[in-house]
Amino acid sequence: TGRVHGESILEVGRVIETGMSISSRVFPLLDRVLVRRAVKELKTAGGILLPESTAPQLNEGIVVAVGPGPRKADGQLAALPFKEGDRVLLPEFGGQKVKLEKEELFFYREEDIIAILKN
């Protein structure tokens with residue numbers, strides 16, 4: 001059984017609901033950023049359902065959690081330019097896929113994220 005702040009979170013390979021959001025329970029290390037990739041739209045504007053294999057690949061996501069940043073030469077941490085909720089442009093391939101609470105999320109390093117998208 002794993003413990004976070006005294007709350008049991010793992011029990012024989014399954015996650016127990018703790019009432020905390022993913023961003024308050026997952027702390028990426030150093031220059032890593034946890035991202036929820038944008039969901040493919042499987043229905044056209046006219047209402048036609050598309051097979052998943054023909055849906056366009058979306059290369060954007062929403063930042064879920066951000067690490068403290070990489071270490072500089074003097075040992076201090078350099079803050080990352082991202083914050084929770086930012087829309088970011090992602091590379092076509094890459095990222096480390098993880099499943100948290102039945103949701104597929106991706107860890108990226110700061111250098112792998114292409115841009116921050118503004119509304």
Side-chain angles (χ1 to χ4, degrees):
T1 304
R3 297 213 172 262
V4 171
H5 303 292
E7 295 184 51
S8 179
I9 59 165
L10 281 178
E11 181 178 288
V12 192
R14 69 182 179 94
V15 176
I16 296 174
E17 183 58 48
T18 62
M20 298 168 65
S21 70
I22 289 174
S23 63
S24 65
R25 290 186 289 134
V26 176
F27 301 98
L29 300 177
L30 298 175
D31 66 339
R32 289 179 177 83
V33 179
L34 186 61
V35 175
R36 177 181 296 115
R37 288 193 75 117
V39 179
K40 298 176 187 177
E41 183 63 48
L42 297 177
K43 187 189 279 189
T44 66
I48 299 171
L49 293 175
L50 299 172
E52 194 168 318
S53 61
T54 63
Q57 175 67 31
L58 298 177
N59 290 344
E60 72 177 67
I62 302 292
V63 173
V64 175
V66 179
R71 292 214 180 267
K72 297 188 283 186
D74 64 2
Q76 297 295 317
L77 293 174
L80 293 177
F82 313 106
K83 64 183 181 304
E84 188 177 323
D86 279 349
R87 285 182 44 232
V88 291
L89 186 62
L90 303 168
E92 186 174 353
F93 301 104
Q96 179 65 46
K97 181 170 41 171
V98 294
K99 263 202 164 171
L100 298 171
E101 297 180 4
K102 301 178 185 175
E103 184 174 11
E104 211 172 75
L105 301 168
F106 292 82
F107 278 104
Y108 287 92
R109 290 192 176 272
E110 172 194 21
E111 63 197 33
D112 295 333
I113 296 176
I114 299 167
I116 298 173
L117 302 172
K118 301 290 182 186
N119 291 341

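Residues: numbered from 1 along the sequence shown.
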Checking Asp86 side chain against Val88 main chain: does a donor-acceptor pair fall under 3.5 Å?
no
Provide the closest heavy-atom pair for Arg87 versus Lys118 in the form atom of the first, atom of the second, distance.
NH1-O, 4.1 Å
With a 4.5 Å cut-off on side-chain heavy atoms, are Arg32 and Leu34 touching?
no
Nearest 0.5 Å, what's the CZ-CD1 distance between Arg36 and Ile62?
8.0 Å
Candidate pair Val33 and Leu80, rule side chain to side chain contact (heavy atoms under 4.5 Å, CB included), full reasoning
CA-CA 9 Å; Val33 179; Leu80 293 177; 4.0 Å; yes
Please give me the minimum heavy-atom distance between Gly61 and Val35, naming the atom from each residue.
CA-CG1, 3.9 Å
Once you round to the nearest 0.5 Å, how far does NZ of Lys72 lie from CG of Leu77?
8.5 Å
May I ask you to test the Phe27-Pro68 pair for a side-chain heavy-atom distance under 4.5 Å?
no
Does one hydrophobic cluster hold both Phe82 and Val64, with members joined at side-chain heavy-atom distances below 4.5 Å?
no
With sequence neighbours excluded, residues passing salt bridge (charged side-chain N to carboxylate O under 4.0 Å, His left out) with Lys99
none
Non-hydrogen atoms of Glu84 and Val66 that approach each other most closely
N-CG2, 4.3 Å
Under the side chain to side chain contact (heavy atoms under 4.5 Å, CB included) test, residues paired with Gln96 that sit two or more places apart
Phe107
Before you tell me yes or no, could you show the steps for Glu110 and Asp112 under side chain to side chain contact (heavy atoms under 4.5 Å, CB included), namely the whole-Å CA-CA distance, both residues' side-chain angles and the distance that decides it to 0.1 Å?
CA-CA 5 Å; Glu110 172 194 21; Asp112 295 333; over 6 Å; no
Given the rule in the side chain to side chain contact (heavy atoms under 4.5 Å, CB included) test, do Val63 and Lys83 qualify, once you have shown the distances and angles that lead to the verdict?
CA-CA 7 Å; Val63 173; Lys83 64 183 181 304; over 6 Å; no
Look at Glu104 together with Arg37 and state whether they make a salt bridge at an N to O cut-off of under 4.0 Å.
no
Assess the residue pair Asn59 and Ile114 against the criterion (side chain to side chain contact (heavy atoms under 4.5 Å, CB included)); give the C-alpha distance rounded to whole Å, side-chain angles, the decisive distance to 0.1 Å, and a yes or no.
CA-CA 10 Å; Asn59 290 344; Ile114 299 167; over 6 Å; no
Are Ile116 and Phe106 connected in a single hydrophobic cluster, I mean Ile/Leu/Val/Met/Phe/Trp/Tyr linked by side-chain heavy atoms less than 4.5 Å apart?
yes
